[in-house]
Amino acid sequence: FELGLAQERSLGDRKINGSFLAAGEKFTTKLKNNNRNFVTGATGFNMQINKDVSAFVSYENAVSSQETRNDFNAGVSVKF
């Protein structure tokens with residue numbers, strides 16, 4: 001089990017210029033000043049199925065006054 005705090009800081013209200021590689025088309029986008037503080041939590045477990053195969057499951061979340069993020073991951077690892 002994990003519990004923590006995270007801070008996200010942006011560059012402020014700025015414009016960024018760029019272009020698409022394939023077409024060369026130029027564009028401009030504006031960044032918003034969205035500084036946030038999150039409370040984070042995570043839990044998960046690993047299970048050894050046999051000497052060459054294991055599985056895992058994990059859940060993570062982050063909560064701020066502006067948004068909530070939830071992540072669920074599962075997978076299998078095979079040694080060969």
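Only this structure's heavy atoms are used, side chains among them; waters, hydrogens and symmetry mates stay out.
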task: Indicate, with yes or no, if Met47 and Val76 share a hydrophobic cluster defined by side-chain heavy-atom contacts under 4.5 Å among Ile, Leu, Val, Met, Phe, Trp and Tyr.
output: yes

message: In the structure I gave you, are the side-chain heavy atoms of Lys26 and Phe20 within less than 4.5 Å of one another anywhere?
response: no

Would you list the atom pairs, donor with acceptor, under 3.5 Å between side chains in residues 51-64 and any protein atom, with sequence neighbours excluded?
unit_1	atom_1	unit_2	atom_2	d
Tyr59	OH	Asn70	OD1	2.5
Ser64	OG	Gln66	N	3.1
Ser64	OG	Glu67	N	3.1
Ser64	OG	Glu67	O	3.4

- prompt: Would you find more than 12 non-hydrogen atoms of other residues, nucleotides or ligands less than 6.0 Å from Gln48 atom CD?
  reply: yes

message: Within this structure, what is the CG-CG distance for the pair Leu5 and Asn37, rounded to the nearest 0.5 Å?
response: 8.0 Å

Side chain Thr40, main chain Gly4, donor-acceptor under 3.5 Å: yes

